[in-house]
Amino acid sequence: MSRNKHKSEDAAIKGHRAGPATRLRNYFLTGLVITGPIGITLWLTWTFIKWVDGWVKPFVPKVYNPETYLPFPVPGFGLIVAIFVLTIVGFLAANFLGRSLISVGEGIVGRMPLVRNIYSGLKQIFETVLDERGNSFTKAALVQYPRKGLWAIVFISTDTKGEVAKRLKDTAETVSVFLPTTPNPTSGFLLFVPKEDVIELSMGVEDAAKLVISAGLVSPDLPEIFEDVIAEPEKLERIREREEA
């Protein structure tokens with residue numbers, strides 16, 4: 001009886017033990033998980049370097065191009081030149097003469113009907129995104145979208161300003177939020193949401209972006225998510241009361 005019992009246990013262990021094909025598949029998937037992100041990151045970096053080199057190198061005089069004297073190309077030389085030129089432009093624009101020239105140039109562009117709209121819009125976007133003093137997209141939050149009972153992750157931009165804020169001041173105090181789409185978070189919707197309907201999350205913008213890009217497959221630790229819910233039970237209760245009313 002005891003011998004039969006041991007035989008049955010050995011058979012069960014062998015049944016649960018993965019076969020060679022399963023082990024090979026697991027090894028392959030593990031290798032893919034490890035090398036995939038590294039490979040894609042290197043590929044994107046290399047593609048960006050080659051793209052910048054292709055734009056910048058034709059403008060570099062041959063006498064200053066090391067490839068003129070070397071028997072092999074120098075990847076990244078165009079990127080270094082671009083960074084150097086942008087730094088010099090920023091240095092020149094920081095003094096009085098540079099600001100004066102920029103003002104004259106913007107005045108000329110401001111007289112062009114179509115170009116001025118494109119330039120002013122792009123300038124505002126770059127100033128907002130690259131301004132180190134700004135607080136753009138520093139918080140992730142939850143709002144009910146596209147209807148009550150469904151929740152979506154948004155990135156808080158700022159308090160609503162301009163004509164929109166003036167039109168909505170008698171309705172509610174609103175904030176401007178960006179609602180990204182999955183799996184491409186660079187596209188989405190601009191929403192003006194009452195502050196009392198926004199539930200800020202403790203997770204960072206990067207973690208929220210990963211959650212959106214992965215369609216919920218990659219998410220921060222659960223305690224980080226629930227900190228906001230624990231910290232703001234009154235806000236959740238107010239939202240529920242308004243829904244019931």
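The basis for the numbers below is simple: all heavy atoms, side chains too, and nothing from hydrogens, waters or symmetry mates.
- Of all non-hydrogen atoms in Pro183 and Pro185, the two that sit nearest each other are O-CD, 3.2 Å.
- Applying the side-chain hydrogen bond (donor to acceptor under 3.5 Å, both in side chains) rule to pairs touching residues 78-101 yields nothing, sequence neighbours excluded.
- Qualifying side-chain hydrogen bond (donor to acceptor under 3.5 Å, both in side chains) partners for Lys57, counting only residues two or more places apart in sequence or in other chains: Glu67.
- Note that NZ of Lys195 is 4.0 Å distant from CG of Asp159, once rounded to the nearest 0.5 Å.
- Qualifying side-chain contact (heavy atoms from CB on, under 4.5 Å) partners for Pro61, counting only residues two or more places apart in sequence or in other chains: Val63, Tyr64.
- Within the structure, the ring pair (Phe, Tyr, Trp, His ring centres under 6.0 Å) test picks out the following pairs touching residues 176-211 (sequence neighbours left out): Phe137-Phe178.
- Between Val74 and Pro66, the closest heavy-atom pair is CG2-CG, 4.2 Å.
- Under the side-chain contact (heavy atoms from CB on, under 4.5 Å) criterion, Thr68 pairs with Lys62, Asn65, not counting sequence neighbours.
- Considering only residues two or more places apart in sequence or on other chains, Asn117 meets the side-chain hydrogen bond (donor to acceptor under 3.5 Å, both in side chains) condition with none of them.
- At a threshold of 4.5 Å between side-chain heavy atoms, the hydrophobic network of Ile, Leu, Val, Met, Phe, Trp and Tyr places Ile102 and Val109 in two separate groups.
- Grouping the Ile, Leu, Val, Met, Phe, Trp and Tyr side chains by contacts below 4.5 angstrom, directly or via other members, places Val85 with Val60.
- No side-chain heavy atom of Thr182 sits under 4.5 Å from any side-chain heavy atom of Ile213.
- Each of Phe91 and Leu101 belongs to its own hydrophobic cluster when Ile, Leu, Val, Met, Phe, Trp and Tyr are linked at side-chain heavy-atom distances under 4.5 angstrom.
- Scanning for side-chain contact (heavy atoms from CB on, under 4.5 Å) contacts around Asp170 gives an empty result, with sequence neighbours left out.
- With sequence neighbours left out, Trp46 forms a side-chain contact (heavy atoms from CB on, under 4.5 Å) with Lys50, Pro75.
- Applying the side-chain hydrogen bond (donor to acceptor under 3.5 Å, both in side chains) criterion to Tyr119, with sequence neighbours excluded, gives Glu106.
- With values rounded to the nearest 0.5 angstrom, Leu29 atom CG is found 11.0 Å from Leu24 atom CG.
- Partners of Glu163 by side-chain hydrogen bond (donor to acceptor under 3.5 Å, both in side chains), not counting sequence neighbours, listed by chain and number: Arg167.
- To the nearest 0.5 angstrom, Ile118 atom CD1 is 4.5 Å from Leu114 atom CG.
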Going by atom type alone, with no hydrogens or angles, which donor-acceptor pairs under 3.5 Å involve a side-chain atom of residues 32-42 and a protein atom two or more places apart or on another chain?
| from | atom 1 | to | atom 2 | distance (Å) |
| --- | --- | --- | --- | --- |
| Thr35 | OG1 | Gly31 | O | 2.7 |
| Thr41 | OG1 | Pro37 | O | 2.7 |

Residue pair Leu142, Ile153: steps toward the side-chain contact (heavy atoms from CB on, under 4.5 Å) verdict = CA-CA 5 Å; Leu142 289 173; Ile153 288 181; 3.9 Å; yes
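- If you chain together hydrophobic residues whose side chains sit under 4.5 Å apart, Leu79 and Val89 fall into the same group.
- For Tyr145, there are no ring pair (Phe, Tyr, Trp, His ring centres under 6.0 Å) partners, not counting sequence neighbours.
- When all heavy atoms of Ser187 and Thr181 are compared, the pair lying nearest together is OG-OG1, 2.6 Å.
- Nearest heavy atom pair, residue Pro180 against residue Val154, reads CD-CA, 4.3 Å.
- Atom CZ of Phe28 is surrounded by 12 or fewer heavy atoms from other residues, nucleotides or ligands within 6.0 Å.
- Side chains of Thr160 and Thr174: a donor on one and an acceptor on the other come within 3.5 Å.
- Leu191 and Leu150 are assigned to two separate hydrophobic clusters, defined by single-linkage of ILVMFWY side chains at heavy-atom distances under 4.5 Å.
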